[in-house]
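Attaching a single structure in structure tokens format; questions to follow.
No experiment lies behind these values; they were computed from the predicted model shown. Here is how names work: the chains are called A, B, and so on, in the same order as the sequence lines, proteins then strands, and each is numbered from 1.
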Number of protein chains: 2
Amino acid sequence: MSRPDKAYPCHEEPADHVVEMAENRVLSSRSQTIADTLTRAIIDHRLVPGCKLGERELSEIFNVSRIVVRQALIRLADDGLAQIERNRGAFVAKPSMQEAMEIYDALTLVEQGVAAQLSDRLGPAGWAELRHHVERQRQAVAAGNHALADVLGQEFHTVFVRLSRNKVMQEIHAQLVRRTTLLRSLITADFDYCNLLDDHSRVVDLLEKGRLKQAMDLIDTHHRAVVRGYIMDREVFPEMTPAEALAPYLDGKTDGATVPVAPRKPANPSGNGGSTAHVHVHLPKINRAPTSRASTKKTNRGLPS
Amino acid sequence: MSRPDKAYPCHEEPADHVVEMAENRVLSSRSQTIADTLTRAIIDHRLVPGCKLGERELSEIFNVSRIVVRQALIRLADDGLAQIERNRGAFVAKPSMQEAMEIYDALTLVEQGVAAQLSDRLGPAGWAELRHHVERQRQAVAAGNHALADVLGQEFHTVFVRLSRNKVMQEIHAQLVRRTTLLRSLITADFDYCNLLDDHSRVVDLLEKGRLKQAMDLIDTHHRAVVRGYIMDREVFPEMTPAEALAPYLDGKTDGATVPVAPRKPANPSGNGGSTAHVHVHLPKINRAPTSRASTKKTNRGLPS
DNA sequence: AAATGTTGATTGGTATCCAATCTTGTGATT
DNA sequence: AATCACAAGATTGGATACCAATCAACATTT
């Protein structure tokens with residue numbers, strides 16, 4: 001064992017697989033796929049906070065074994081999107097107001113840091129990309145396309161961070177964004193998009209002029225404005241079973257890598273209209289299918305009022 | 001069953017378990033414990049990058065089933081400490097130089113953001129705590145206690161982030177610190193501690209005076225100085241089997257005498273010239289003497305955990 | 001009616017088995 | 001002899017069945 005050449009099974013390759021790992025923290029297949037699908041469903045607000053994610057139920061939905069589901073749930077919990085209680089099961093996370101503020105503070109913090117780095121390092125092409133993005137959102141707002149404006153408003157922050165050219169940071173930021181998206185299931189978003197859009201534009205202006213401190217203050221107030229529009233005391237009621245909520249993502253083959261951002265189902269056989277590309281939870285009331293075998297029993301978990 | 005209040009299982013509890021979750025995102029027991037142990041072993045450099053983490057082998061070491069080990073490995077991979085290749089297995093991550101720089105950049109970014117927030121919000125007690133910590137490290141350096149100085153130098157960053165009072169951010173930062181610790185298995189740390197200590201002190205000074213931009217620049221150059229001292233082309237050879245590496249962390253039995261971290265003789269093989277001199281692992285000060293119980297019970301205070 | 005067992009359901013975990021894939025070693029071919 | 005191809009072994013990913021612990025709801029008793 002003291003031989004340096006064959007001391008112990010040591011996997012070594014120069015830089016090939018390292019690169020591909022840097023691109024994506026990929027690993028297995030199914031548990032990751034299922035975790036991605038559940039993440040998608042959560043940030044699409046089809047699975048609302050507090051909703052129980054039973055292992056058996058999910059394993060039947062996805063047609064996999066319970067163990068694969070559990071591995072996926074572990075991922076979700078590590079991402080802060082689910083919460084696992086010992087011997088009780090997994091639930092979609094229901095962050096407290098305190099945690100919501102921490103998430104937004106972390107987001108503020110990250111974007112302030114990105115701003116600081118960009119103010120030093122970003123080249124003209126980067127500034128142009130930011131301005132272009134702001135312009136696109138402005139046009140969407142002008143056209144009255146609220147949905148698109150909303151998506152672009154989110155995307156601005158992602159583009160902003162991507163310009164740091166740091167995949168590690170992008171992953172951290174993406175995780176925070178997912179958690180903020182989860183928060184929207186619990187809050188009433190009621191703020192002025194034009195104000196936020198102006199903020200984006202002004203941040204770019206300030207940064208390009210080197211007025212870093214002011215830009216960072218604006219980022220802070222920007223996020224504070226978002227949080228201020230939030231009210232956490234809203235009660236959310238799951239209106240669908242997980243099976244129904246996840247149905248749009250299971251087109252035939254579970255092999256499909258990742259469902260696109262807008263789960264548009266052109267040929268959805270079952271009625272279930274109105275599920276396309278919804279960002280907010282205004283799902284139609286669904287008459288409970290009497291076919292669900294255990295729906296009568298497992299459904300009733302205390303939800304007062 | 002059409003009652004809206006009992007629509008579907010919705011887990012709800014006011015705020016109790018939320019708090020405990022924020023404090024501790026732990027879930028099961030064994031897979032988390034094993035993931036923690038592996039993490040500990042990796043950041044202690046007992047498991048070096050590239051080392052294979054076979055499921056069967058680990059399951060025998062920990063006396064658990066393979067599935068539990070796999071769940072732990074998934075956690076490690078999500079944390080960036082391991083790398084899973086399909087049908088090939090898990091290995092301790094071997095970050096590329098590119099990724100190393102990204103990790104340090106992310107760390108810089110986070111700490112710059114923290115600095116920005118602290119410069120606005122931190123009270124006198126917070127500044128005092130920072131100064132006290134710097135002073136402790138200064139005394140350690142003066143006393144020639146390099147090991148303690150190193151630990152304190154690490155800890156400064158953790159304390160710094162903790163003052164933001166944001167658990168989400170703390171967790172992100174802790175993860176980044178773990179990954180930087182992993183990097184030390186691949187690099188030769190060869191920098192001047194006094195300089196870094198001065199940096200800490202000056203950052204506190206600048207921040208308290210409101211000179212945010214300068215403080216952030218200093219944070220940047222601070223981390224760049226650390227990275228500059230790094231050389232990634234070193235080859236690391238596992239000198240222990242995972243069983244040997246993990247033995248000190250297993251319950252009860254601690255044959256402390258037989259497992260020092262760097263048992264490899266500095267008998268630098270004269271062959272090999274100097275090109276890719278795979279000098280033996282000159283572990284910096286972290287190599288504390290494996291006093292029996294101290295190493296058994298995870299000394300979570302020593303390094304950010 | 002309140003307190004207290006009892007039972008069912010769900011999770012955490014183990015063992016065993018199987019399929020797919022990767023590695024390795026041997027053998028045939030040029 | 002060197003190289004290529006193929007087969008055997010090993011390892012991972014996953015499925016299934018099973019057991020123990022725990023929690024929740026129900027039923028019983030005082």
Side-chain angles (χ1 to χ4, degrees), chain A residues 6 8-13 16-17 20 26-35 50-77 82-92 241-242 253-255 292-304, chain B residues 1 6 8-13 16-17 20 26-36 50-77 82-92 241-242:
Chain A
K6 272 291 186 181
Y8 194 74
C10 177
H11 170 71
E12 56 175 43
E13 272 156 55
D16 308 325
H17 72 293
E20 86 180 2
V26 69
L27 40 124
S28 62
S29 60
R30 279 197 229 223
S31 69
Q32 181 65 60
T33 301
I34 291 174
C51 178
K52 165 134 196 180
L53 302 171
E55 290 184 5
R56 175 178 306 276
E57 189 174 9
L58 292 178
S59 68
E60 289 170 1
I61 291 173
F62 288 106
N63 236 1
V64 295
S65 74
R66 273 177 53 207
I67 292 176
V68 176
V69 170
R70 199 182 311 175
Q71 287 164 350
L73 291 176
I74 288 175
R75 284 209 156 78
L76 274 267
Q83 178 175 345
I84 299 179
E85 300 179 28
R86 188 178 167 78
N87 287 319
R88 298 238 3 237
F91 307 85
V92 178
T241 68
K253 306 167 280 288
T254 61
D255 146 61
S292 10
R293 59 267 162 234
S295 63
T296 62
K297 211 53 196 154
K298 73 189 173 198
T299 53
N300 291 342
R301 183 184 290 276
L303 185 62
Chain B
M1 64 181 70
K6 292 267 188 188
Y8 195 74
C10 182
H11 168 69
E12 76 142 26
E13 270 155 59
D16 310 324
H17 73 293
E20 86 179 3
V26 74
L27 38 125
S28 61
S29 59
R30 278 193 232 226
S31 69
Q32 182 66 55
T33 301
I34 291 174
D36 288 344
C51 179
K52 164 135 198 180
L53 302 172
E55 289 183 8
R56 176 177 304 278
E57 189 174 10
L58 292 178
S59 68
E60 289 170 1
I61 291 174
F62 288 106
N63 233 5
V64 296
S65 73
R66 273 176 52 205
I67 291 177
V68 176
V69 170
R70 201 182 308 175
Q71 287 165 350
L73 291 176
I74 287 175
R75 283 205 156 81
L76 275 266
Q83 176 177 346
I84 299 178
E85 301 179 27
R86 188 173 169 78
N87 287 319
R88 298 238 3 241
F91 307 85
V92 178
T241 69

Inset, instruction - Using whole Å, report how far CD of A:Glu85 lies from C1' of C:dA9. - result: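 Taking CD of A:Glu85 and C1' of C:dA9, I get 16 Å after rounding.
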Legend entry - Nearest atoms (heavy-atom pairs only) where B:Ala90 meets B:Leu73: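 Smallest interatomic distance, heavy atoms only, reads CB-CD1, 3.8 Å.
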Inset, instruction - Could you state the atom-to-atom distance from CD1 of B:Ile74 to C1' of D:dG13 in whole Å? - result: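 Whole-Å distance recorded here is 10 Å.
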Inset, instruction - To the nearest 0.5 Å, tell me how far A:Arg70 CZ sits from A:Leu58 CG. - result: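 These two atoms lie 12.5 Å from each other.
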Inset, instruction - May I have the distance from B:Arg70 (atom CZ) to D:dA15 (atom P), rounded to whole angstrom? - result: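 Rounded to the whole Å, the gap is 10 Å.
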Inset, instruction - Starting from C1' on D:dT16, measure out to CZ on A:Arg30 and report it in whole angstrom. - result: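 After rounding, the reported distance stands at 14 Å.
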Inset, instruction - Using salt bridge (charged side-chain N to carboxylate O under 4.0 Å, His left out) as the criterion, list what pairs up with B:Arg66, not counting sequence neighbours. - result: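 Once residues adjacent in sequence are excluded, the partners of B:Arg66 under the salt bridge (charged side-chain N to carboxylate O under 4.0 Å, His left out) criterion are B:Glu55.
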Inset, instruction - Kindly point out which of C:dG13, D:dC23, C:dA15 is positioned nearest to the side chain of A:Arg88? - result: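 It is D:dC23.
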Legend entry - Residue whose nearest DNA chain D nucleotide is more 5′ - B:Ala90 or A:Ile67: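 Checking each residue's closest nucleotide, the 5'-ward one belongs to B:Ala90.
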Inset, instruction - Give a yes/no answer on whether the side chain of A:Lys52 brings an N or O atom under 4.0 Å of OP1 or OP2 in D:dA24. - result: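 It does not, given that no N or O in the side chain of A:Lys52 lies less than 4.0 Å from OP1 or OP2 of D:dA24.
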Inset, instruction - Report yes if some heavy atom in the side chain of A:Leu76 is under 4.5 Å from a heavy atom in the side chain of A:Leu53; otherwise report no. - result: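 Answer no - side chains too far apart.
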Legend entry - Protein-nucleotide distance (B:Glu55, atom CD; C:dG13, atom C1'), rounded to Å: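 B:Glu55 atom CD is separated from C:dG13 atom C1' by 15 Å.
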Pairwise N/O distances under 3.5 Å, protein to nucleotides 18-21 of chain C:
unit_1, atom_1, unit_2, atom_2, d
C:dT21, O4', B:Asn87, ND2, 3.4

